[in-house]
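Structure, as structure tokens:
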Amino acid sequence: MTEGVEVHQPQPNTTVTRSRASSLQAFENADTASCKSEEPDQEEEEEQSSSTLPEERHCSTGGQANAQLAPDGGWGWVVVAATILVLAMTLAFPSCIGIFYTELQSDFQASNTETSWVPAIMMAVLHACGPICSVLVERCGCRATIIIGGILSGLGMAASSFAQTMVELYITAGIITGMGFSLCFQPSITMVGHYFVRRRAFANALSSTGTALGLSILPLLANYLLRNFGWRGSFLVLGGVLLNCCVCGAVMRPLAAKPKMETRTKETDNHHLKTNCLSVHQGLKGRLRATLSTIMTFLRRHMAFDLLCSNPYFCAYALGVSWMMLGFVVPLVYLVPYATAYGMEQDQAALLMAILGLINIIVRPATALVFGLPRFRGSHNFAYLFAIAVVINGLSNCVCGIGTSFLVLLVYVILFGFSMSLVGSLLFTVLMDTVEMSRFPSALGLISIMESIMLLLGPPLAGILVDSTGQYIYVFFACSVTGSTAGLFIMLSFYWLDRRRDREQVKSSSAHQDPHSLKPSLKMTIDCEYSPVPLHSKNTRDTETDV
């Protein structure tokens with residue numbers, strides 16, 4: 001009720017706000033009181049100047065500043081182009097390991113399970129380093145974080161060419177390279193979200209074409225390098241290619257990052273000062289409370305555990321996406337071994353991967369144009385489109401059970417690539433619509449950790465299934481089950497949450513319109529200020545009491 005008064009009667013509320021600020025000055029230092037007295041005024045200005053876009057209405061102080069400064073074009077298109085290249089060299093890179101799968105297996109005399117740990121660790125670390133990436137972005141900024149990630153990924157891949165055991169390959173190609181990938185792709189996605197608000201769906205879908213570009217080019221490049229230089233020389237050359245992420249990070253120009261960093265620094269200093277004072281006065285118990293408060297603040301800022309309890313949409317989306325990732329990338333790893341195991345040439349198998357990437361290149365820009373139309377802006381239906389695409393992607397794996405000819409696998413690649421394009425185009429857009437933009441980096445970090453667990457388990461479990469049965473087909477059937485059930489879970493969860501929200505809104509509106517209610521709501525009174533019922537004096541007293 002207080003918010004309604006602040007919108008329609010700004011002058012009285014300014015006085016009340018100042019009186020509240022003056023009362024706080026009696027208990028706190030002058031600097032802390034000045035910082036706290038500015039926050040309500042900033043919130044009032046943001047509420048009065050916010051647009052009708054849902055992303056701008058729900059952003060916090062830092063997020064709202066970025067939303068107001070977002071150019072929705074200009075240098076933002078350069079950022080999108082750099083993000084495309086970063087995603088091509090990071091998210092699509094683990095699919096190249098399938099080209100070297102047979103060579104690694106024969107060179108190290110390893111089983112399917114042991115060999116599958118290489119892409120599994122790489123993809124798991126890529127997603128698990130979300131909190132580390134979030135800390136580096138806060139301390140150093142997106143540009144420096146991407147440059148650091150490019151150096152790590154390049155050095156890790158180059159060092160893996162000298163590996164003599166599978167354990168060394170796990171460390172260099174898996175951990176070091178995967179960490180570099182994480183420090184590259186997450187800040188790139190975050191920068192796109194800060195540069196675009198009105199055209200965010202279009203920008204995200206357009207930037208996701210980088211994964212398609214990598215899927216179409218990297219397998220052919222890896223196959224060419226394997227024929228001419230072997231897997232060790234190929235890894236060395238690919239390490240040099242990954243250093244281009246540093247160039248992409250150099251063009252990530254910060255957008256209103258310094259004021260936000262200064263504000264966070266002041267808030268952190270004040271928080272540490274208060275916790276130190278409490279720990280001095282309260283002894284061991286106070287120090288334990290201060291430590292717990294610091295840990296909870298870190299988890300909330302960088303991992304967003306509180307959103308799992310406070311935001312049911314985010315909870316359902318995180319669980320569904322994590323379960324989807326158990327079998328989402330497994331076909332990319334096992335498609336080439338599956339095709340070559342039944343007599344297909346290595347060049348034809350690599351061509352299937354290139355066709356998969358080509359389909360993504362065609363479909364993702366088309367979806368970007370469609371989702372960028374004005375009728376789709378701010379639409380909540382993106383979640384349902386995403387869920388349908390996940391279901392289709394999961395069911396497409398059943399096509400591999402029909403046969404192993406090039407024509408059958410081509411049909412599978414077309415269906416899988418089309419649905420994969422929709423999933424990749426909407427993955428980050430649905431997340432940005434589900435949480436506030438100011439919480440997006442921490443929410444992405446939490447989902448990345450949840451995904452990393454599934455990505456770490458997916459390929460090794462598939463390798464165990466192949467070693468125990470001797471058939472690759474059961475892997476694709478298992479991926480079909482995980483993908484379809486994940487899509488159905490997201491669809492039904494969002495539908496149930498939407499129905500519950502609609503019922504609550506209907507119930508609240510009917511309560512406001514009830515003529516037998518003892519005290520009409522303030523919003524009802526303001527909307528009916530021309531009503532002939534003489535309740536003006538009573539509502540004025542109620543307003544003063546509520547304030």
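Residue numbers count from 1 along this sequence. Bear in mind the structure is a predicted one, so any value in this text is a computation, not a measurement.
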Full working for side chain to side chain contact (heavy atoms under 4.5 Å, CB included) between Ile473 and Cys400: CA-CA 7 Å; Ile473 189 61; Cys400 292; 4.0 Å; yes
Audit row: Phe100, Phe235, ring pair (Phe, Tyr, Trp, His ring centres under 6.0 Å) steps and yes/no: CA-CA 10 Å; Phe100 307 103; Phe235 279 16; 5.1 Å; yes
Verdict with supporting geometry, Tyr338 and Tyr342, ring pair (Phe, Tyr, Trp, His ring centres under 6.0 Å): CA-CA 7 Å; Tyr338 172 63; Tyr342 288 94; 5.4 Å; yes
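- For Arg232 (side chain) and Ala163 (main-chain N/O), a donor-acceptor pair under 3.5 Å exists by modelled atom type.
- Across all non-hydrogen atoms, the minimal contact from Cys184 to Gly149 is SG-C, 3.3 Å.
- Nearest heavy atoms, Ile359 versus Gly417: CG2-C, 3.9 Å.
- Side-chain contact of Asn393 with Ser419: a donor-acceptor pair under 3.5 Å is present, judged by distance alone.
- Residues Phe93 and Leu218 are in side-chain contact: their nearest non-hydrogen atoms beyond the backbone lie under 4.5 Å apart.
- Between the CG atom of Leu410 and the CD atom of Gln348 there is a distance of 11.0 Å, given to the nearest 0.5 Å.
- Among the candidates Ile84, Leu206, Val79, the single residue satisfying the side chain to side chain contact (heavy atoms under 4.5 Å, CB included) test with Val192 is Val79.
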Residues Phe476, Tyr334; criterion ring pair (Phe, Tyr, Trp, His ring centres under 6.0 Å); working and verdict: CA-CA 9 Å; Phe476 293 91; Tyr334 281 92; 7.8 Å; no
Side chain to side chain contact (heavy atoms under 4.5 Å, CB included) between Val390 and Leu488, worked out: CA-CA 8 Å; Val390 173; Leu488 290 175; over 6 Å; no
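- From Leu351, atom CG reaches atom CG of Asn223 across 10.0 Å, with rounding to the nearest 0.5 Å.
- Between Asp498 and Arg501 there is a salt bridge, with a side-chain nitrogen of the basic residue lying less than 4.0 Å from a carboxylate oxygen of the acidic one.
- Ring-centre distance between Trp77 and Phe196: below the 6.0 Å cut-off.
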Candidate pair Met89 and Phe181, rule side chain to side chain contact (heavy atoms under 4.5 Å, CB included), full reasoning: CA-CA 8 Å; Met89 291 182 286; Phe181 288 165; 5.9 Å; no
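- Residue Gly240 comes nearest to Asn244 through the heavy atom pair O-ND2, 3.8 Å, listed as atom of the first residue, atom of the second, then distance.
- Defined by atom type and a distance below 3.5 Å, a donor-acceptor pair is present between the side-chain atoms of Tyr412 and Asn397.
- Within a 6.0 Å sphere centred on CZ of Phe108, other residues, nucleotides and ligands contribute more than 12 heavy atoms.
- In this structure, Tyr384 has its ring center no closer than 6.0 Å to that of Tyr495.
- Shown here for Val475 and Val330, the closest heavy-atom pair between the two residues is CG1-CG1, 3.5 Å.
- Annotation: Glu168, atom CD; neighbour count of heavy atoms from other residues, nucleotides and ligands within 6.0 Å is above 12.
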Steps toward side chain to side chain contact (heavy atoms under 4.5 Å, CB included) verdict (Met123, Val329): CA-CA 9 Å; Met123 290 182 291; Val329 298; 3.5 Å; yes
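- Counting only heavy atoms from C-beta outward, the side chains of Met344 and Leu409 approach each other to under 4.5 Å.
- The side-chain heavy atoms of Trp231 and Leu104, taken from C-beta on, include a pair separated by under 4.5 Å.
- When atom types are taken as modelled, the side chain of Asp467 and the backbone of Ile464 share no donor-acceptor pair closer than 3.5 angstrom.
- Of the inter-residue distances, the one linking Phe162 atom CZ with Leu169 atom CG reads 13.0 Å to the nearest 0.5 angstrom.
- Side-chain contact between Leu220 and Tyr224: absent, with no pair of heavy atoms (C-beta onward) separated by less than 4.5 Å.
- Heavy atoms from other residues, nucleotides or ligands lying under 6.0 Å from OH of Tyr170 number more than 12.
- Taken to the nearest 0.5 Å, the CG atom of Leu427 stands 7.5 Å off from the CG atom of Leu431.
- Taking every heavy atom of both residues into account, Leu358 and Ser216 meet most closely at N-CB, 3.6 Å.
- How far CZ of Phe418 is from CD1 of Ile362: 11.5 Å, rounded to the nearest 0.5 Å.
- The CZ atom of Arg227 sits 10.5 Å away from atom OG of Ser234, with the distance rounded to the nearest 0.5 Å.
- Using a distance-only test at 3.5 Å, with no hydrogens or angles considered, no donor-acceptor pair links the side chain of Thr177 to the main chain of Gly174.
- Taking all atoms of both residues into account, the shortest heavy-atom contact from Ser161 to Ala158 is OG-O, 2.5 Å.
- A side-chain donor-acceptor contact under 3.5 Å links Trp323 and Thr485.
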